[in-house]
There are 2 protein chains.
Amino acid sequence: MDVNNLCLGVLCLGEASGYEIKKMFESAFSHFQAASFGSIYPALAKLTEAGLVSFREEPQEKRPNKKVFQITEPGRRQIMQKLASTEPADQYRSDFLVLMMFAHLLAPERLAEVFAQQAENLKTEIATLEKILQEGCHLTAGMRFTIEYGIAANQAIYRLMQTRKQTLLSEIKQEQDHREN
Amino acid sequence: MDVNNLCLGVLCLGEASGYEIKKMFESAFSHFQAASFGSIYPALAKLTEAGLVSFREEPQEKRPNKKVFQITEPGRRQIMQKLASTEPADQYRSDFLVLMMFAHLLAPERLAEVFAQQAENLKTEIATLEKILQEGCHLTAGMRFTIEYGIAANQAIYRLMQTRKQTLLSEIKQEQDHREN
DNA sequence: ACATACATGTAAATAGTTACATGATTTC
DNA sequence: GAAATCATGTAACTATTTACATGTATGT
């Protein structure tokens, strides 16, 4: 799903500025989608030109005027059509797993460090998601589900890492020793 | 990690042609990295020009000659340096979760279909990974771990989907009814 | 003093996919 | 007769990030 349609989706939940849309990507969306200002602002400009969103300007003091966007009827039609036709395809890109794939090329300390770092990242992510769950009274059922989904995946991985850590490190050490001989 | 360095990594495991590297991305790598011919062939050309890999040509009958690539010493140095400095950052992009995020905008049948499709995808992925684990006697410890990691994550999500399916569907139905009134 | 939040936007650069071009052989 | 496997490569296109440009207010 591209940034254009994601913006339309967000605007179905209520009007928002580009800046506010970015904040949503950083909180509720962050574990499964990303978008920067450099893609959001051009997307909103394109959507406006195409008549899929409209905006009013709220004057700000000592700041650029705030553009508050609303979705239009044609915009609503497009996102509904998009949601009806999008396949549920996932893609995962992990530099951690690339590192693990080539673990035999890493120094033991480096491997341990990478492992610890990933565990730390997972814990932080889980904590962030749990916080959103607890605080967010305004979350829809669908949103709650996406967060539970993230927590479940991260927890499973975290547990695997704990149980497999020792065996992995020693297995790799064995392989490295074997290669040296 | 970009395709250039991933190719170097693969070539650390042994010599290979572009076509064979692609096959690795489709099997052992597929759950956490992707690369198409359109990126692999130019990457190998660039690496050759930079002296990070070399190749010999194996003549084929009625086919383009096979170029079998090997990593060179400078290439090995570069990938070692890259592996030593790469942060274990992960990114996950899920159209399924986008769909769930906006589940209240989906028709109930569509929602059920998307849900079933995702469950099916997960089952297939788990089966593929388990097959690789069982067959692959030549897997390194690190590779085995990446596969176990994929299985653990997918299984956790699959289980969550089973346990939450009914409640989610009814929660969303409630929200939709609520909106209509 | 420095970072962060607020608020918009552009331009260059990056990185990749998709589709095309070629073509024999084998499997369904 | 169609699709998959083997085998290489290019070119156009897509989407996105990063860095820049501008500037105040507030918190650390």
Side-chain angles (χ1 to χ4, degrees), chain A residues 1-8 10 15-27 29-30 32-50 53 55-69 82 86-87 89-95 98, chain B residues 1-8 10 15-27 29-30 32-50 53 55-69 82 86-87 89-95 98:
Chain A
M1 187 87 83
D2 58 26
V3 176
N4 279 39
N5 282 296
L6 287 170
C7 286
L8 285 181
V10 171
E15 54 175 37
S17 66
Y19 192 86
E20 287 161 353
I21 291 173
K22 174 78 197 308
K23 275 200 300 185
M24 288 215 59
F25 276 104
E26 277 167 0
S27 60
F29 270 122
S30 65
F32 63 94
Q33 285 294 330
S36 61
F37 284 129
S39 60
I40 291 172
Y41 284 121
L44 289 169
K46 242 187 256 174
L47 291 170
T48 303
E49 211 181 342
V53 303
F55 67 90
R56 64 185 149 75
E57 271 184 285
E58 277 186 9
Q60 303 277 119
E61 282 156 36
K62 310 275 188 180
R63 236 173 246 186
N65 286 351
K66 190 170 172 176
K67 286 187 178 178
V68 181
F69 291 87
K82 187 79 186 175
T86 296
E87 295 294 303
D90 291 21
Q91 61 173 90
Y92 177 59
R93 298 203 162 215
S94 171
D95 277 358
V98 171
Chain B
M1 188 88 84
D2 58 26
V3 176
N4 278 40
N5 283 298
L6 287 171
C7 286
L8 284 181
V10 171
E15 54 177 35
S17 66
Y19 192 85
E20 285 161 354
I21 291 172
K22 175 77 197 310
K23 275 201 300 185
M24 289 215 59
F25 277 104
E26 278 168 359
S27 60
F29 271 120
S30 66
F32 63 94
Q33 285 293 332
S36 61
F37 285 129
S39 58
I40 292 172
Y41 285 121
L44 289 169
K46 244 188 256 173
L47 291 169
T48 304
E49 210 181 344
V53 303
F55 66 90
R56 66 184 147 77
E57 271 184 284
E58 277 186 9
Q60 304 276 119
E61 283 156 34
K62 311 273 189 178
R63 237 174 246 184
N65 287 351
K66 192 171 171 176
K67 287 186 178 179
V68 181
F69 291 87
K82 188 78 186 175
T86 296
E87 294 296 302
D90 292 19
Q91 61 171 93
Y92 176 60
R93 298 204 161 214
S94 172
D95 277 357
V98 171

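Chain letters run A, B, ... following the sequence lines, proteins first, then strands; residues in each count from 1.
With distances taken from any side-chain atom of B/R93 to the nucleotides D/dT24, D/dT8, D/dT16, the minimum falls on D/dT16. The side chain of A/A34 has D/dT17 as its nearest neighbour among D/dT24, D/dC6, D/dT17. Nearest to the side chain of A/S36, among D/dA15, D/dA7, D/dT18, sits D/dT18.
Rounded to whole Å, the distance from CG on A/N5 to P on D/dT16 is 10 Å. Here D/dG23 presents its C1' atom at 13 Å from CD of A/Q60, a figure rounded to the nearest Å. A/F37 has its CZ atom 13 Å from the C1' atom of D/dT18, to the nearest Å. Counting to the nearest Å, the C1' atom of D/dT17 and the OH atom of A/Y41 are 16 Å from each other. Remark: C1' of D/dT8 and CD of B/E58 are 15 Å apart, rounded to the nearest angstrom. Nucleotide D/dT17 holds its C1' atom 12 Å from the CD1 atom of A/I40, rounded to whole Å. Atom-to-atom, CE of A/M1 to C1' of D/dT14 comes out at 17 Å; the value is rounded to the nearest Å. Taking atom NZ on B/K46 and atom C1' on D/dT8, their separation rounds to 18 Å, with Å as the unit.
Counting heavy atoms from C-beta outward, A/N4 and A/L8 have side chains that stay 4.5 Å or more apart. Proximity of A/R56 to A/N65: side-chain heavy atoms (C-beta onward) are nowhere separated by under 4.5 Å. With contacts defined as side-chain heavy-atom distances shorter than 4.5 Å, the pair B/F25/B/L6 qualifies. Side-chain contact between A/L47 and A/F69: absent, with no pair of heavy atoms (C-beta onward) separated by less than 4.5 Å.
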Decide side chain to side chain contact (heavy atoms under 4.5 Å, CB included) for A/V10 and A/F29; before the verdict, give the C-alpha distance in whole Å, the side-chain angles of both, and the deciding distance to 0.1 Å. CA-CA 10 Å; A/V10 171; A/F29 270 122; 3.5 Å; yes
Start with the C-alpha gap between A/Y92 and B/F32, add the side-chain angles, then the distance that decides, and say whether ring pair (Phe, Tyr, Trp, His ring centres under 6.0 Å) holds. CA-CA 5 Å; A/Y92 177 59; B/F32 63 94; 7.6 Å; no
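Among the heavy atoms of the strands, none lies under 4.0 Å from B/K22.
Contact annotation: A/S39 does not reach the phosphate of D/dA15 (side-chain N/O to OP1 or OP2, under 4.0 Å).
Sequence order on DNA chain D of the closest nucleotides to B/E20 and B/G38 puts B/E20 first from the 5' end. The 5' end of DNA chain C is approached more closely, in terms of each residue's nearest nucleotide, by A/G18 than by the other of B/N4 and A/G18.
Running 5' to 3' along DNA chain C, contacts with non-hydrogen atoms of chain A at under 4.0 Å begin and end at C/dA5 to C/dT10.
Taking the six-membered ring where the residue is Trp, B/Y19 and B/F37 present parallel rings, their angle staying beneath 30° rather than reaching 60°.
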